[in-house]
Amino acid sequence: MATVSMDDLVALCRRRGFIFQSSEIYGGINGFWDYGPLGTLLKRNLKQAWWNDMVERELVGPDGQPVDIVGVDCTIIMNPKVWEASGHVGGFNDPMVDCKESKARYRADHLMCLGLKGDKVGQIFAYVESDDTSLAQARRKLEKYIKRELADGDIDRCAFTALSAGERAITVGPDAKTPGTLTEPRQFNLMFKTNVGAVEDPTNIAYLRPETAQGIFANFDNVLNSTRVRVPFGIAQVGKAFRNEVTPRNFTFRSREFEQMEIEFFIRPDSAAEWYAWWRDSRFRWWQSIGLSSGNLQLREHASDELAHYAKAGAGTSDIEYRFPFTAPGFGELEGVAHRSDFDLRQHATHCGKGDKMRYFDQERNERYFPHVIEPSAGADRGTLALLCEAYTPDPARPSGVVMRFHPRMAPVKAGVFPLVNKDGMPEVAERLYRDLRKRHVVEYDPKQSIGKRYARMDEAGTPYCFTIDGDTLTNQTVTVRHRDTLEQSRIAIDQVPAWLDERLG
RNA sequence: GCGGGUGUAGCUCAGUGGUAGAGCGCCACCUUGCCAAGGUGGAUGUCGAGGGUUCAAGUCCCUUCACCCGCUCCA
């Protein structure tokens, strides 16, 4: 792929109204982005395609049977106990320690310390847990400080988090020489906090959801009782989620407010491997189907040491990854497909005290069990960003200098309708065609300036087709079709234009 | 959080302590007969923000915000 400059893409997004920085007139705010008119259409097309293809249209599963998926739309703020059950209140807090000397940052719970047994005033040496080099280095520094070789029995070990402020002051960092350069552990709370009720009080703390998945699990029993779904089935949700990321970076890729498209697919525990593989492969094909078909898309199976706590014993976790300009030659995650086992339903069963409600009664097998879950969890903003990156094609040969080659189904504007010149009855005919097409599609009418400028503007917006009414239209009822990607022109009858467009947009 | 870089019109960028500029784009009219043609006219700036030095700051100093790169982090 040609090297796409992220700066140029960001500039185009601003200039043409795909993406703006949030609250830009006040200097912006780190990690938050707004979608402009074209960007909103693009992102809606992505989300609509996902909803149509996953929930509304027929999907055929690995067993040849139709796949059943129903939708929910849950609140962003939930009872805070949900996040205790899910593990986010505990797991989302990583205390961090910075070293003022080496400028390195460590997870406090990954730091261990060495000291001379019984010594309360000498120096303590920190090292990184399960890092043998770091351990050996700390031991060498300790021996040098004590000025003799030490046996294992002479050495005290403890966690950095167990040290008092006084002890931290005499502690030497893993990559430092002088003591006292490590800061006290600082909490990085990745969940946004708020208060429910007008009075701020520790008793009414709530969180903005860090994932949409828990709304689905919390409604598992409601969906079972209100619909006729039977395992295997899925519950889908599209919605905002919030994470107080340490470092928002790379345009919209790591935003603090973002939108997810998630399915929790509930299955019999013994069919996990089959469904996991099917979801992984069909989600990969889906991204290809909306235009990410080049070599920029890859499927990556997680190594066992990077599996999340809920996926340890499962059939696996895969990332569907896209080669973004800022990750190239590496890849960045678009969607994760994880076998979450029965972790979440079990957690909620324990925490809410209604164990049986979270279990599923399988009438066919006459047994009650916690279904296992395959979770395809996609980022709508990351998907939109990938569509933008994939579409962005510099082309010095054309007047715009760049063309956005969106898949027609994703393109924000499906067609432009122009009178070749703004007189001689052409605008009237063009406007009639525009109003006719507009009944079903997003199309634009533009009678102003030269025809070349109008084609160029449509190239930048990624509009796949333009229909131009000229002198011949008035006599033989045909129009010119201009194709964005090939610059090719052909003529078709004006009354066939709506059907011609429908056919190409699916 | 740390280190480095950047910030002037919608965009790309000039700007020597002394009146805020250009090209492109945008808008109107004319012209225009298939790829940003031409003419005439027009609108557009808290020079990222706040403070300071100075007779005078886009320019020098301090603080801060945002973006980019690296480190760190990413349940």
- prompt: Which letter, B, S or -, goes with each nucleotide of nucleotides 34-48 of chain B from 5' to 3', with contact meaning a protein heavy atom under 4.0 Å?
  reply: BBBS--------B--
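Going from atom CG of A:L190 over to atom C1' of B:C74 covers 8 Å, rounded to whole Å. As rounded to whole Å, 11 Å separates atom P of B:G33 from atom CG of A:D424. Across the protein-nucleic acid pair, A:R249 atom CZ and B:U6 atom C1' stand 14 Å apart, rounded to whole Å. For the pair A:I19 CD1 and B:G10 C1', the computed distance is 17 Å after rounding to whole Å. As a whole-Å value, the separation of A:F253 CZ from B:C69 P is 12 Å. If you take CZ of A:R254 and P of B:C73, they are 11 Å apart, rounded to a whole angstrom. Protein atom CG of A:D319 is 15 Å distant from nucleotide atom P of B:C74, rounded to whole Å. Rounding to whole angstrom units, NZ of residue A:K423 and C1' of B:U31 are separated by 8 Å.
Applying ring pair (Phe, Tyr, Trp, His ring centres under 6.0 Å) to A:W33 and the options A:F258, A:F20, A:F251 leaves one that passes, A:F251.
Using P as the reference atom, B:C34 and B:U16 are 47 Å apart when rounded to the nearest Å. Comparing B:C2 with B:C73, their C1' atoms sit 13 Å apart, to the nearest whole Å. When the P atom is used for both B:U32 and B:C69, the distance is 49 Å, rounded to whole Å. Comparing B:A14 with B:U8, their P atoms are spaced 10 Å from each other, to the whole Å. Look at the C1' atom in both B:C26 and B:C11: the space between them is 11 Å, to the nearest Å. With C1' as the reference atom, B:G50 and B:A9 are 23 Å apart, rounded to whole Å. For B:A20 and B:G15, the C1' atoms lie 9 Å apart once the distance is rounded to whole Å. Rounded to whole Å, the separation between the C1' atoms of B:G10 and B:G42 comes to 16 Å.
A:G336 comes within 4.0 angstrom of no nucleic acid atom, judged by non-hydrogen atoms across all strands. As judged by a 4.0 angstrom heavy-atom cut-off over every strand, A:F418 is placed among residues making no nucleic acid contact. At the heavy-atom level, A:Q21 lies under 4.0 Å from the strands shown only through sugar-phosphate atoms. Among the heavy atoms of the strands lying under 4.0 Å from A:M426 is at least one base atom, whether or not backbone atoms are also near. If you check every strand for non-hydrogen atoms under 4.0 Å, A:E24 touches nothing.
Applying the salt bridge (charged side-chain N to carboxylate O under 4.0 Å, His left out) criterion to A:R438, with sequence neighbours excluded, gives no partner residue. Here A:R140 pairs with nothing under the side-chain hydrogen bond (donor to acceptor under 3.5 Å, both in side chains) rule; sequence neighbours left out. In terms of the side-chain hydrogen bond (donor to acceptor under 3.5 Å, both in side chains) criterion, residue partners of A:N219 (sequence neighbours excluded) are, by chain and number, A:N222. Every residue two or more places apart in sequence or in another chain was checked for a ring-ring contact (aromatic ring centres under 6.0 Å, His included) with A:H348, and none qualifies. When the salt bridge (charged side-chain N to carboxylate O under 4.0 Å, His left out) test is applied to A:R209, no partner is found at least two apart in sequence or on another chain. Applying the side-chain hydrogen bond (donor to acceptor under 3.5 Å, both in side chains) test to A:Y35 and every residue at least two apart in sequence or in another chain returns A:D381. Taking the side-chain hydrogen bond (donor to acceptor under 3.5 Å, both in side chains) definition, one finds that A:Q298 meets it with A:E321, sequence neighbours left out.
Phosphate proximity of B:C68 to A:N250: absent, as no side-chain N or O sits under 4.0 Å from OP1 or OP2. Dashed line: the shortest gap from a side-chain N or O of A:N422 to OP1 or OP2 of B:G33 is not under 4.0 Å. At the phosphate of B:C11, OP1 or OP2 sits under 4.0 Å from a side-chain N or O atom of A:R14.
Between A:R398 and A:D459 there is a salt bridge, since at least one side-chain N of the basic residue sits less than 4.0 Å from a carboxylate O of the acidic one. A salt bridge is defined here as a Lys NZ or Arg NE, NH1 or NH2 lying under 4.0 Å from an Asp or Glu carboxylate O, and A:R405 with A:E390 fails to meet this definition.
Across the interface with RNA chain B, nearest-nucleotide mapping of A:P248 and A:A11 shows A:A11 to be the residue nearer the 5′ end. Nearer to the 5' terminus of RNA chain B, by closest-nucleotide assignment, is the contact made by A:D7 (compared with the other of A:R382 and A:D7).
Under the 30°/60° scheme for interplanar angles, the aromatic rings of A:F324 and A:F326 are found to lie parallel.
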message: Only Watson-Crick and G-U wobble pairs with both distances less than 3.5 Å should count. Give RNA chain B in dot-bracket notation, marking inter-strand partners with |.
response: (((((((..((((....[..)))).(((((.......))))).....(((((..]....))))))))))))....
